[in-house]
Each structure stands twice: as C-alpha cells, then as structure tokens.
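Here is the structure we will look at.
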Amino acid sequence: MDRSWFMNSFRENAMISVTGFIAVGLASKLVYEVFNWNYKAFLNKDEWNKKGFKKIPVPPKKYLYFGHMLSLSEDPTAQVNQWLKTYGPILHLTMGVQHWVVIADPLLASEIFVRNASKSSGRQRHIFTHTIYADGAKGLSFTDSGKKWQKSRKIAQSMLSPERIEKFSGVIESITDNVVDELAKASNRDGSVCPLSFVKLSTFSIMLKSLFGKTVDSIDDPLLQDVICIADGIVKYISPEQDIGSFIPSFSWITKFSKQRKGMANVVKLRNVVLPKLVSEAAHGEVDCLVKQAYALKEEYGLDDDDLVSMMSDLLAAGGDPTSVSLTWLLLILAQYKDVQQRVCYEIDAFVEQNGRLPSFSDRENVPYIRAVLLECIRFRSITNFGIPRFVTEDIECLGYFIPKNTVVMTSMHAMHMYPNNQTDADQFIPERFLGRTKTWAANSRANVQERDMYVFGWGRRICVGIHLVEVEVFNMCVRALGRYNIEIPMRQDGLVDDIISKGSVSRGLNCMPHDYTLKFIKRCNTPLDAHATKKD
Ligand code: HEM
C-alpha cells in the first residue's frame with residue numbers, strides 16, 4: 001500500500017513529533033470517527049447501490065475511514081488514470097467523507113455536465129479556494145453557480161470575446177516577439193534555455209496589458225513577480241492533498257495550523273494589496289483595457305468593487321498560469337518532433353512569400369498544417385488532468401447511472417484525449433489526424449460531443465472563458481518562434497538527445513508540466529522573412 005500521497009501532507013505540516021498525550025487523544029477521536037463513519041456509510045449505502053441503476057466500479061484498496069486516500073500513489077493523476085484503464089470510463093472513489101466520481105468517457109461527461117448542467121455546475125467545497133480565497137461567493141472560478149457568478153461570468157465572457165481580443169492582437173504579437181528574442185538571447189548566452197519563466201513573462205504580460213493596461217518588460221519586474229506568486233499559490237493550494245480537513249473532518253485542526261493554510265493566507269493577503277490597486281488604476285486611468293469595460297458594466301450587473309477585484313484575480317491567475325504550461329508543452333513537442341517543426345516552417349515560409357509578413361491569428365484559415373499541429377499538441381499532452389472539480393447539487397440519473405447529490409465529479413482530460421473510441425493510435429503524436437479541422441478551439445470545445453476533439457477546457461456552463469485567448473497566444477508563439485528560429489533539444493555528451501516527452505508529465509497542483517528540459521534557439525538563415533526585411537530596407 002503506497003501511502004505517500006497522504007503522508008506527504010502530514011510531513012509538510014510538520015506534525016511528526018506527536019506527544020503521547022496527543023497520540024492518545026487522537027486515537028480515541030479516530031475510534032469514535034471510525035464508528036461514526038461506518039454508521040453513516042451504512043445509512044448512505046443505498047445511494048450508491050440503488051436498484052435499477054448500473055453499479056459504478058469502485059477500485060480496490062479502499063480502506064476503512066480513509067477510503068482510497070491511502071491508495072493514491074505519489075502521483076494521484078497516474079494512479080487514477082491507471083484505474084480508469086483497468087475498470088472502465090467511470091469510477092467511484094471515496095476520499096475520507098467525500099465521494100468522487102471520475103469520468104473518462106466524453107459521452108458520459110456530456111450527459112452529466114451539459115444535459116444535467118443545472119445539477120452539476122457547483123464547485124468542490126475546497127477550504128482554501130472555496131472558503132478562504134473566494135470567500136464563499138466572490139469571483140468566478142471557485143464559487144457556486146448562483147446569480148452573482150452568472151453576472152460575473154457574463155462580464156468575463158464579453159471582456160474575452162474574440163472581437164475584444166482582436167483589438168489586442170498587436171499587443172499579443174509584440175509581447176510574443178520580445179519573449180522569443182529573450183529566449184534566443186539566453187540560449188546564445190548559456191548554450192540552451194529553460195523556457196518556463198520566459199513563457200510566464202509572455203502569458204502574464206499579456207494578461208497585465210490586456211486587463212489593466214500595464215506594461216512589464218522583464219522577468220524581474222516586481223509587479224510581474226507578485227502576480228506570478230499569487231497564481232502559483234492558487235495552483236498549488238487548490239490541489240486536494242493540501243486540504244486534508246475537507247476529507248477527514250476530525251483532522252481539520254491540522255489544516256488550521258498548517259504551513260499550507262499560512263501559505264494560502266499569504267496569497268490572499270498579497271492579492272488584497274496588489275489587485276485593488278491594479279483594478280482602481282485601470283478603471284480610472286487613460287489606457288484602454290478590459291477592466292475599464294468591466295467597471296462600466298458593474299452597476300448594471302449589481303457587482304461591487306470587491307467582486308471585480310476577485311474576478312480580475314481569477315482571470316489573471318487562470319489566464320497566466322495554464323497558458324504558460326501549454327506553451328512549455330508546445331515548444332518541447334516542436335523541438336522533439338523535428339519533422340513536424342520543419343513542415344510548420346515550410347508553411348510559415350510559404351505564407352510569408354505570398355504576403356510579406358508572418359501569419360496573424362486572423363490568417364489561421366491559410367495555415368491548415370499549423371492548425372492541426374496545435375490541436376494535436378493540446379490533445380497529446382493535457383495541461384491539466386482533472387481541471388477544476390465540480391460539485392453535484394442535486395441527484396443525477398444518466399445513461400443508467402445514479403450520482404447522488406454532494407458528489408464531487410471530475411473528468412480525466414488525459415484519459416479522454418487518449419480514449420480509444422475517440423482516436424486511433426491515441427498515444428502517437430499525429431497532427432495529420434486533425435487536417436481539415438477549421439473550427440476555432442472555442443467552437444470545438446462547445447460543439448456537440450460527437451464533433452469535439454478537445455476536452456481540456458471543460459464542459460457546459462462552467463467551461464473555460466479564456467479559450468479564444470489561449471488559442472491566439474499558442475498560435476502566435478508557434479508562428480513567431482518558428483518564423484525566425486529553429487528550436488532543438490541540446491545533444492547529450494554521448495551524442496544522443498533525451499526523449500523528454502516519453503517521460504510523461506509532472507503534477508504541479510492542478511497542472512501537468514513536462515519534465516525539466518532546456519532548448520537551443522538557432523536563428524534561421526535566408527528565410528523569406530529575411531528577404532522581405534532586406535527589400536524593405
Ligand atoms: C491552456 C490554458 C487553459 C486551460 C487548459 C484552462 C482550463 C480550464 C478548465 C478545465 C476550467 C474548468 C472548466 C469546467 O469546470 O468545466 C477552466 C475554468 C476557467 N478558466 Fe480556463 N483554462 C485556460 C486558460 C484560461 C485563460 C486564458 C483564462 C482567462 C483569461 C481562463 C479563465 C478561466 C475562468 C475564469 C474559469 C472559471 C469559469 C467558471 O467557473 O465559470 N482560463 N479553465
């Protein structure tokens with residue numbers, strides 16, 4: 001039995017030196033809770049074994065009181081995906097007092113999150129995100145789907161509409177160009193470069209500029225450091241192992257005094273200093289930015305300044321962090337699959353020869369291979385595995401299954417993208433499978449389940465509001481990096497190149513990151529872009 005997942009949270013909480021007194025108290029409390037839990041489990045039993053419904057498979061190694069918590073390995077994502085492979089596309093896990101249902105079948109997910117949207121659009125009661133960070137009802141990402149959430153969501157959707165994002169296309173292109181140049185400089189200086197901090201400079205600069213009209217030039221900018229620190233904190237503390245008290249209420253005292261709680265409190269403190277100032281300066285300043293638009297709508301929608309601050313904090317974090325992860329996968333995949341990189345370069349060069357400039361996002365129709373590569377990147381390596389878990393607020397009956405109220409439901413994006421019914425050779429990187437796909441990612445993600453190719457942005461009412469912005473950023477990074485540079489994984493001393501992609505991913509909070517890697521950026525010579533630049537001179 002691998003208890004490392006569970007034990008890590010204890011180790012981090014520095015609760016190792018338990019005195020005899022505490023140990024006896026704890027043991028008595030445990031015995032009481034076990035009886036209590038057993039009794040409750042007995043009463044609730046029928047909910048999960050209702051007559052006339054199919055039984056949702058329960059993986060083995062479910063322990064008394066702790067349920068599956070002790071069976072999750074060091075890497076819970078890999079363990080759950082392994083169970084999904086073995087027991088089928090729907091699982092029932094018990095995590096202490098919580099019941100989780102994990103789905104790998106897109107059709108089932110669609111039935112639960114789209115057809116039963118009114119019952120499945122709550123958010124998990126995670127103490128850090130739901131209670132401490134969102135204060136129960138503020139902002140967008142971690143609140144329940146009540147009236148305030150609906151209003152905030154409407155404003156966010158209008159702020160991030162394709163038409164509004166189009167107005168910032170010049171800003172996005174120029175920030176991406178600067179970051180690509182910085183990557184190349186660092187690669188020349190040091191022999192190779194780890195892209196993570198540079199792509200964060202790109203995604204967070206784009207968020208700061210478009211939301212607040214703020215410009216940051218370097219990774220060391222204090223404002224950039226603050227917002228990255230807030231986003232990192234949210235991504236870290238939202239993961240379930242940070243929140244033992246929500247699974248085992250009798251251990252909630254650990255959470256109260258834990259290092260994590262202090263960490264989350266510091267994140268909220270920093271947010272409460274940085275965000276109100278940013279929002280106020282943007283709302284009353286001269287620069288055109290998305291906060292101005294939100295500020296103008298706030299009274300009509302019955303929101304106050306605090307609501308706007310929480311919402312902007314959500315957009316900043318959700319906008320900056322996962323997009324940077326998708327860019328790290330993109331650069332790695334392009335570097336490792338050299339033949340794909342070469343075909344992308346041919347397509348860029350052909351476009352430049354005809355048009356005298358690099359393709360912009362509005363030219364995506366004219367670069368079908370690049371479109372297919374970017375879609376396949378998103379499918380092949382999921383940026384997040386479980387997304388932001390949902391909470392079921394009313395009993396659901398779907399496709400012969402019964403999911404009781406108060407269940408946490410989540411999808412495994414990885415398992416869905418690798419689902420054999422959806423894709424042939426799903427574990428291979430084959431961009432050609434998507435040649436001919438013309439839908440934008442936002443349209444693809446909202447399409448009827450039979451027509452969807454991507455699941456990483458979620459489902460139904462709570463589907464990600466930033467899909468269009470992500471696609472624009474990913475497109476620009478691909479085109480603007482490979483328009484001017486080739487990227488390579490540095491050769492080892494033995495003359496071979498590491499296969500980093502096959503190592504799989506590393507969980508960081510909600511995100512799935514590539515294993516550490518560096519890249520070489522090599523200037524491409526005699527490209528059509530150079531020829532056009534010379535002609536202009
Ligand atoms: C590659 C990048 C991104 C990925 C993989 C991603 C993924 C997700 C997922 C899985 C959800 C939960 C959806 C659900 O519950 O069904 C979500 C929600 C959300 N995303 Fe994204 N996202 C990304 C980028 C962005 C960007 C750029 C923004 C904004 C600028 C954004 C803003 C949000 C917000 C506000 C929510 C909460 C929506 C709600 O609860 O109503 N995301 N995202």
Side-chain angles (χ1 to χ4, degrees), residues 103 109-110 112-114 117 120-124 129-130 134 137-146 148-157 159-161 164-165 168 172 199-200 202-204 206-212 227 231 234-235 238 290-291 294 310-330 374-375 377-379 381-392 408-414 416-417 441-442 445-446 454-475 477 510-513:
I103 314 282
S110 171
I112 294 170
F113 296 124
V114 182
S120 62
S121 297
R123 283 285 185 223
Q124 186 185 16
T129 49
H130 189 81
K138 290 209 168 77
L140 259 175
S141 310
F142 306 115
T143 52
D144 278 332
S145 50
K148 210 173 214 186
W149 165 81
Q150 264 173 19
K151 290 172 184 171
S152 302
R153 188 158 168 115
K154 269 195 188 144
I155 295 186
Q157 277 169 331
M159 286 165 71
L160 296 166
S161 68
R164 284 299 285 167
I165 298 301
F168 290 93
I172 296 171
V199 294
K200 280 193 173 181
S202 175
T203 56
F204 282 97
I206 289 169
M207 291 314 297
L208 282 167
K209 186 72 185 172
S210 54
L211 286 178
F212 307 104
V227 296
I234 297 167
V235 171
I238 189 179
L290 297 172
V291 163
S310 299
M311 188 172 141
M312 296 312 149
S313 166
D314 283 356
L315 290 182
L316 197 53
D321 198 83
T323 313
S324 69
V325 180
S326 73
L327 295 180
T328 58
W329 278 116
L330 169 76
L374 300 182
L375 192 49
C377 278
I378 287 276
R379 183 201 69 83
R381 285 294 177 262
S382 287
I383 296 138
T384 166
N385 193 52
F386 299 122
I388 314 177
R390 299 284 191 86
F391 193 70
V392 171
V408 174
V409 187
M410 58 188 87
T411 53
S412 165
M413 321 287 193
H414 171 82
M416 282 201 189
H417 286 143
W441 288 3
S445 301
R446 290 197 186 96
M454 52 182 1
Y455 308 105
V456 77
F457 295 106
W459 299 85
R461 283 187 192 175
R462 300 209 74 148
I463 198 167
C464 177
V465 291
I467 309 175
H468 185 73
L469 178 58
V470 181
E471 188 181 6
V472 174
E473 290 188 47
V474 170
F475 180 92
M477 182 56 80
L510 286 189
N511 293 336
C512 301
M513 309 278 301

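Order of listing sets the numbers, starting from 1, for every ligand and every atom in it.
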Under 3.5 Å: donor-acceptor pair, side chain of Arg123, backbone of Thr129: no

Atom indices of ligand 1 within 4.0 angstrom of Ile383 heavy atoms, with elements: 1 (C)

Heavy-atom gap Arg461 to ligand 1 smaller than 4.0 Å: no

Main-chain N/O of Leu469 paired to Trp441 side chain as donor or acceptor, under 3.5 Å: no

From Phe204 atom CZ to Leu211 atom CG, the distance as rounded to the nearest 0.5 Å: 11.0 Å

Close-contact set for ligand 1 against Ile388 heavy atoms, below 4.0 Å: 12 (C), 15 (O), 18 (C)

Stepwise side-chain hydrogen bond (donor to acceptor under 3.5 Å, both in side chains) test for Thr384 and Asn511: CA-CA 4 Å; Thr384 166; Asn511 293 336; 5.1 Å; no

Arg461 to Phe113, cation-pi by 6.0 Å centre distance and 45° axis angle: no

Region of Thr323 engaging ligand 1 - heavy atom pairs below 4.0 Å: both

Close approach of Glu473 to ligand 1, heavy atoms, under 4.0 angstrom: no

Nearest-contact summary for atom 10 (C) of ligand 1 - protein heavy atom, Å: Val456 O, 3.2 Å

Any N or O of Trp459 closer than 3.5 Å to N or O of ligand 1: yes

Any residue meeting side-chain hydrogen bond (donor to acceptor under 3.5 Å, both in side chains) with Arg379, in chain and number order, not counting sequence neighbours: Glu376

Side-chain (Asp321) to main-chain (Ala231) donor-acceptor, under 3.5 angstrom: no

Test of proximity, Arg462 against ligand 1: N or O pairs below 3.5 Å: yes

Qualifying residue, where the test is side-chain contact (heavy atoms from CB on, under 4.5 Å) with Val470 and the options are Thr323, Thr203, Leu160: Thr323

Residue and atom, protein N/O/S, under 2.8 Å of atom 21 (Fe) of ligand 1: Cys464 SG

Side chain, backbone, both or neither: the part of Trp149 lying under 4.0 Å from ligand 1 by heavy atom: side chain

Sub-4.0 Å atoms of ligand 1 with respect to non-hydrogen atoms of Met413: 10 (C)

Donor-acceptor contact below 3.5 Å, side chain His417 vs main chain Tyr455: yes

Option from Leu316, Leu290, Val227 for which side-chain contact (heavy atoms from CB on, under 4.5 Å) with Phe212 holds: Leu316

Protein residue, atom and distance nearest to atom 16 (O) of ligand 1, heavy-atom basis: Arg390 NH2, 2.7 Å

Proximity to ligand 1 by part of Arg153, non-hydrogen separation under 4.0 Å: side chain

Expected output: side-chain Ser445 to main-chain Ala442 donor-acceptor under 3.5 Å: no

Protein contact to atom 30 (C) of ligand 1 [nearest heavy atom, distance to 0.1 Å]: Met207 CE, 3.4 Å

Approximate separation, where rounding is to 0.5 Å, of Ser326 OG and Glu471 CD: 11.0 Å

